[in-house]
Structure formats: structure tokens, C-alpha cells
Number of protein chains: 2
Amino acid sequence: MSNAKALSLLERSEAPVAAVPCCPPLSERPFTAEEAERTARMFKALGDPVRLRLFSAVASHQGGEACVCDISDVGVSQPTVSHHLKKLKEAGLLTSERRGTWVYYRVEPSVLAAMGQLLAVR
Amino acid sequence: MSNAKALSLLERSEAPVAAVPCCPPLSERPFTAEEAERTARMFKALGDPVRLRLFSAVASHQGGEACVCDISDVGVSQPTVSHHLKKLKEAGLLTSERRGTWVYYRVEPSVLAAMGQLLAVR
DNA sequence: CTTTTGCTTCGACATCTGTCGATCCCTTGC
DNA sequence: GCAAGGGATCGACAGATGTCGAAGCAAAAG
């Protein structure tokens, strides 16, 4: 099998996607209750304006990661920022790592791809 | 200007997207408050398991549309189904039309495409 | 060791949200 | 006109969610 063929299979989810055990495109067939439960968690995490701004700030930050102090300017208190970042982590959209004084958040790329797949046209 | 160049411009949202006045990819630059407000509404609509099942049922139904009676089997009462379909309509994800006794819902295709754009990789 | 700084956790609270039964509206069939 | 059935709306309510200030914790700086 050529590399191109293998890649194609992966992109079409005809082979299991390793890191993200999720779901077929929304328009392929009706979701089961379990699929909906898992998938809704991710959409829900992005369903808040503040979280969306935080996520976008991390995703667009140079190097693909951002310190909390770099993205805290979203109009809510610092505890609230921390609360939302935690929610994004729990949803599997972000990961965090402490380096010295600062905590850095970065986007989980495979999850972003999986969500894109969900919205793919039939 | 070549067609390819024109298409490229459109895809990058350097020209206004006609039907869906939304936002650049999440990872292009930090969202403004207004962009986040608008976009979060759509994600929020898909952030509930029941709504996700209803949306998936409509999206995957043959002909691209479904009568309420076709998709009501999601484990909640009929008023609740109606409530969720209304939410999906308000978010711009579905449209509805009465034909005789039945009401048919269908997916707004341009919105689905717009959400896909949001999740596109940088 | 003490202070400072960046961030998380805790507790409280007002608001939003999902759910249901009851009721209402609209269309069709008699 | 009247009954029946699909679907929307209403009113109520428990539980989830977003927000804040206060307090806690960890790493660096003095």
C-alpha cells in the first residue's frame, strides 16, 4: 500500500483514528445516544463566547501555545479565565504544562481535526 | 486574476462570504468579542446531546429533510423535541416548513460549511 | 525565610437550561 | 361543524453554568 493510499484511508476515517475515538460525520447516519453524548461535550466547550475567545487566542498564538497571562484579556476576572481553561482541558481541546512561573496551554490538534470531520459534507 | 486565485481569496474570507457572515478560522487570529458571541451560538446549539441527535437525524435523512415524526425517537417528550428543534432553528442550523399535516426540517448547508471553515487547520 | 507574582481552587450566588404535563393551534377527515 | 392527530407554546421546576471575591498554592526574587 502506498503512503498516499494509507493517508487517504486515515483521512476518511476508514481506519480507526488513534488518538480521537469519535464519530462519523453528522450527516452520515443518525447519531446514537453515546456518540451524541461524547461529541456534544466538545461542541459545548466551544459554545461559550469567553471560551471561544480563549481557545482562538491559544490556537492562533505563535508557536501554537500561549501562557495564561498572554490571553487573559477577555473581559472577565482571572479566576473565571482559569475556570474556562479548565473546561476546555476537560473537553480534550487543550492541554496545559507548567514551565517555571507560567502555565502554557496548547491546542490538541487531533481533536480539532476530528471536529472538522464531523462537519464534513456528505 | 485567475480562477484559482479568486477561489483562494474567497476561501480565506478576504472577500465577504455571502450567505454566512461569520468568522475566520479559529486559529487565524484571536476572535473579537462580537465574533465569539455569534460563533458560540452555533457551537452551543450543537452542544446538547439531544439536539445533536436531532440535527444528525435531519442531516442524514434521505432527501436532506425530515418530518418531526421521523426523528422524535430520541428519548425525550414531544414538547422537548419541539423545544430543541426551535433552538436549532434560532441558531440558524435548521429551517422548517409546514406541508399539510407535517412539519419538515432541513439543514442549512451554508452554515455547516461555515462551521467547517472555523475548524480548518491554519 | 519572606515577599511577590502567576495561576488554581473554593464558596456563594444569580441566571440559564433542559425537562415535563397541560394546553393550544392548525390541518385533515368525517 | 366536529373529532383526531401532529406539532408548538405555556408554566413550573430542578439542576447546570458563568461569574466573582477570597483564599490557597507553587515558583521565583529579594
Asks: Taking Arg99(B) first and then Glu65(B), would you say they form a salt bridge - that is, a charged N and a carboxylate O separated by under 4.0 Å?
Replies: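 Between Glu65(B) and Arg99(B) there is a salt bridge, with a charged N closer than 4.0 Å to a carboxylate O.
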
Asks: NA contact type, Thr101(B), heavy-atom cut-off 4.0 Å: base, sugar-phosphate, or nothing?
Replies: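 Result for Thr101(B) = sugar-phosphate.
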
Asks: Is there a side-chain contact (heavy atoms from CB on, under 4.5 Å) between Met115(A) and Phe43(A)? Walk through the geometry before answering.
Replies: CA-CA 8 Å; Met115(A) 291 190 73; Phe43(A) 282 113; 3.6 Å; yes

Asks: Give a yes/no answer on whether the side chain of Lys86(B) brings an N or O atom under 4.0 Å of OP1 or OP2 in dA8(D).
Replies: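 So the side chain of Lys86(B) is outside the cut-off, no N or O lying under 4.0 Å from OP1 or OP2 of dA8(D).
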
Asks: Walking along DNA chain C from 5' to 3', note the first and the last nucleotide with an atom under 4.0 Å from a heavy atom of chain A, and give both.
Replies: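 So the contact region on DNA chain C extends dG6(C) to dT9(C).
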
Asks: Using side-chain hydrogen bond (donor to acceptor under 3.5 Å, both in side chains) as the criterion, list what pairs up with Arg29(A), not counting sequence neighbours.
Replies: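 With sequence neighbours excluded, Arg29(A) shows a side-chain hydrogen bond (donor to acceptor under 3.5 Å, both in side chains) to Glu35(A), given in chain and number order.
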
Asks: For Leu85(B) and Ser96(B), run side-chain contact (heavy atoms from CB on, under 4.5 Å): C-alpha distance rounded to whole Å, both residues' side-chain angles, the deciding distance at 0.1 Å, then the answer.
Replies: CA-CA 9 Å; Leu85(B) 288 172; Ser96(B) 69; over 6 Å; no

Asks: Check residues 66-73 of chain B and write down every donor-acceptor pair under 3.5 Å in which the side-chain atom is one partner and the other belongs to a residue at least two apart or another chain.
Replies:
unit_1, atom_1, unit_2, atom_2, d
Asp70(B), OD2, Cys67(B), N, 3.3
Ser72(B), OG, Val68(B), O, 2.6

Asks: Excluding sequence neighbours, so at least two apart, what forms side chain to side chain contact (heavy atoms under 4.5 Å, CB included) with Arg98(A)?
Replies: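 Partners of Arg98(A) by the side chain to side chain contact (heavy atoms under 4.5 Å, CB included) criterion, ordered by chain and then number, come out as Val103(A).
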
Asks: Taking only nitrogen or oxygen atoms into account, show me every contact under 3.5 Å that the protein makes with nucleotides 16-21 of chain D, one pair per line with its distance.
Replies:
unit_1, atom_1, unit_2, atom_2, d
dT17(D), OP1, Lys44(A), NZ, 2.6
dG18(D), OP1, Arg51(A), NH1, 3.3
dG18(D), OP1, Arg51(A), NH2, 2.9
dG18(D), OP2, Arg51(A), NH1, 3.3
dG18(D), OP2, Lys87(A), NZ, 3.0
dT19(D), OP2, His84(A), NE2, 2.4
dC20(D), OP2, Ser77(A), N, 2.7
dC20(D), OP2, Ser77(A), OG, 3.0
dC20(D), OP2, Thr80(A), OG1, 2.8

Asks: With the 4.5 Å side-chain cut-off for hydrophobic clustering, are Val76(B) and Phe31(A) part of the same group?
Replies: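 Same hydrophobic cluster.
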
Asks: Calculate the interatomic distance between Asp73(B) atom CG and dG6(D) atom P; express it in whole Å.
Replies: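 Those two atoms, CG and P, are 14 Å apart.
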
Asks: Hey, is the side chain of Tyr105(B) poking within less than 4.0 Å of OP1 or OP2 on dA8(D), counting only N and O atoms?
Replies: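 Yes, because at least one side-chain N or O of Tyr105(B) sits under 4.0 Å from OP1 or OP2 of dA8(D).
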
Asks: Using side-chain hydrogen bond (donor to acceptor under 3.5 Å, both in side chains) as the criterion, list what pairs up with Thr80(A), not counting sequence neighbours.
Replies: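 Thr80(A): side-chain hydrogen bond (donor to acceptor under 3.5 Å, both in side chains) contacts with Ser77(A).
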
